[in-house]
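Taking it in order: structure first as structure tokens, then the write-up.
Just so it is clear, the structure is predicted and the values come from calculations on it, not from any experiment. As the structure lists them, so they are numbered: ligands from 1, and atoms in each ligand from 1. Along the sequence shown, residues are numbered consecutively beginning with 1. Because only heavy atoms are used, hydrogens play no part in the values below, and waters and symmetry mates are left out as well, while side chains stay in.
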Amino acid sequence: MAKYIFVTGGVTSSLGKGIIASSLAKLLQARGLKVTIQKFDPYINVDPGTLNPYEHGECYVTDDGAETDLDLGHYERFLNIPTSQANNVTTGRIYQTVINKERQGDYLGKTVQVVPHITDEIKRRMMLLGNTGEFDLVITELGGTVGDIESLPFVEAVRQIQWELPEEDCIVVHLTLIPYLKAAKELKTKPTQHSVRMLSQEGVHPNIIVCRTEHPLNNELKRKIALFCNVKPEAVIEAIDASTIYEVPIKMLHEGLDVIVLKKLHIDKYGVPELGKWTTFLDKLKNPKNKISIGLIGKYVELQDAYKSILEAFVHAGSVNQCKVQIVNIHSEHINDTNVSEKLKGMDGLLVAPGFGSRGVEGKIEAVKFARENKLPFFGICLGMQMAVIEFARNVLGWADAHSTEMNSSTTRPVIALMEEQKKVKNKGGTMRLGAYPCSINDGSLAHCIYQKEIISERHRHRWEFNNNFINDFINSGMIPSGKNTESGLVEIIELANHPFFIGVQYHPELKSTVENPHPIFVSFVRAAKEHALALANDGVSKAAI
Ligand code: GLN
């Protein structure tokens with residue numbers, strides 16, 4: 001029987017519930033327990049696949065092809081185990097299931113209501129992973145802030161689960177904010193008291209309060225929070241700002257969050273936390289020996305969350321290389337053939353980001369050209385790989401109007417195109433290649449050298465593909481299709497023969513990079529950029545090691 005931990009948030013959004021939930025999960029996992037995390041989001045979209053990255057950040061994709069909230073990325077990066085569709089549920093999905101059942105007549109003429117029909121479906125989904133027998137503990141993060149109208153049915157479901165289960169099988173951890181008032185030079189507990197009261201009014205009483213704060217909480221303050229929130233002082237946990245999210249598990253360990261959780265859940269069989277790999281990673285991250293600048297060429301660069309997994313994969317790869325990776329956001333719409341060398345000056349490597357639609361693609365193509373001609377380490381992901389193919393077609397093969405049919409449906413050289421079987425599918429969502437696909441890698445290629453494997457599995461999220469009708473022209477001129485889908489033969493990896501590091505991948509390697517398993521392409525790319533920087537330094541161009 002699994003036990004359940006619910007994580008709610010109060011006072012404001014963006015407190016980092018996902019990081020707290022992931023850190024707690026990491027500590028419990030490090031003590032030998034089998035843990036998973038799931039997220040319940042209160043919005044009506046059935047999944048975040050249709051959400052604009054500007055609004056909701058990156059859409060994270062799981063092995064089974066679910067388009068999910070970016071917090072699932074944190075869960076995987078911290079726990080190093082894959083998540084699935086079951087780990088992310090939205091209000092939209094709950095309602096869709098209930099409405100489908102209603103249409104099929106499953107409710108036998110009954111009036112279908114929020115309570116009990118919607119709440120029952122929420123409860124069923126909340127217990128789904130726990131019922132598989134695979135986990136000792138299921139941590140459920142509730143999206144949104146306590147008091148929001150839309151999160152009410154989720155809170156009610158938690159209340160009912162808590163009522164149904166033995167007391168020691170279900171606890172609620174409430175994350176709140178303790179603001180610091182500069183003028184009064186004081187930390188304030190009132191918003192926390194209010195949010196706990198609000199949660200209690202909805203019938204849920206938190207067992208542990210985790211307090212986000214910019215300043216340390218003294219014992220007196222902790223006692224005050226404990227008294228007014230009706231928990232013991234040991235159940236008030238300080239979550240002070242950390243220099244990196246990866247330090248939060250260590251801070252939570254020192255605060256004893258895992259121990260109080262284990263105590264409340266009456267779990268007495270657990271080991272000392274094994275965090276050796278984690279602390280080595282942190283040590284290397286905090287003590288870099290070199291510094292590099294990577295240009296991230298994208299169109300959503302204003303919003304950091306839009307490229308969340310890419311940025312985190314660089315943190316992992318930077319630690320492996322003991323190298324500080326400074327990401328320089330470069331808006332692709334601002335790059336053109338006259339300013340490209342100015343815009344990309346000082347970069348030790350370029351990453352051309354994924355994306356959809358035509359905005360900013362010409363700038364991306366210019367950036368690829370610059371990296372190819374100047375032998376600058378290059379890494380293209382998804383649309384970034386497609387841009388590398390188009391650039392090569394235009395400037396090496398001399399096909400001036402080469403393009404992707406996503407941006408130009410009448411090009412005479414559709415080097416990136418929809419596959420025949422996709423064209424028949426009318427519903428856009430149905431044509432997306434989503435989730436994990438196997439890929440076989442050419443012996444002796446850069447990709448092989450990076451992965452040290454023949455067969456890999458990587459996650460996809462795109463519609464357009466390299467057009468194999470042109471493959472021989474590319475091969476004859478020096479672009480190597482070094483990885484192909486094992487069944488369809490679709491090109492998944494391209495590289496260049498006469499370049500120190502030039503790789504484009506149709507899939508999203510960033511989604512599989514974790515603290516304990518940094519992604520090999522990111523690790524190699526950072527190494528190549530570091531070598532590039534050191535070579536420049538040796539040539540007398542100033543780029544000093546730190
Ligand atoms: N727009 C491109 C496609 O659909 C690339 C998508 C992406 O970069 N994720 O094929």
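Shown in contact with His508 at under 4.0 Å from a heavy atom are these atoms of ligand 1, numbered in order with element: 9 (N). Of all the atoms in ligand 1, the ones that sit under 4.0 Å from a non-hydrogen atom of Arg461 are 6 (C), 7 (C), 9 (N).
Between Gly355 and ligand 1, at least one pair of N/O atoms sits closer than 3.5 Å. Geometrically, ligand 1 and Cys382 share no nitrogen or oxygen pair separated by less than 3.5 Å. Every N/O-N/O distance between Gln506 and ligand 1 stays at or above 3.5 Å.
Paired with Thr36 under the rule side-chain contact (heavy atoms from CB on, under 4.5 Å), one option of Val138, Leu79, Thr140 passes, and it is Val138.
Looking at heavy atoms from C-beta onward, Phe78 lies out of side-chain contact with Ile37 at the 4.5 angstrom threshold.
Ring centroids of His316 and Tyr246 are separated by less than 6.0 Å, placing the two rings close together. You'll find the ring centres of Phe378 and Phe525 outside the 6.0 Å limit.
Of the heavy atoms in Gln386, only side-chain atoms (C-beta onward) come closer than 4.0 Å to ligand 1. Residue Glu406 touches ligand 1 through its side chain alone, judged by heavy-atom distances below 4.0 Å.
Here the heavy atom of the protein found nearest to atom 10 (O) of ligand 1 is Trp464 N, 2.8 Å. Summary of contacts: the protein heavy atom closest to atom 3 (C) of ligand 1 is Arg463 N, 3.5 Å.
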Subject >> side chain to side chain donor-acceptor pair (under 3.5 Å) between Glu458 and Gln506, worked out >> reply: CA-CA 9 Å; Glu458 292 280 6; Gln506 187 55 82; over 6 Å; no
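Under a cutoff of 6.0 Å and an axis angle of 45°, Arg433 and Tyr437 form a cation-pi pair.
Separation of atoms CG (Leu282) and NZ (Lys277) is listed at 14.5 Å; rounding is to 0.5 Å.
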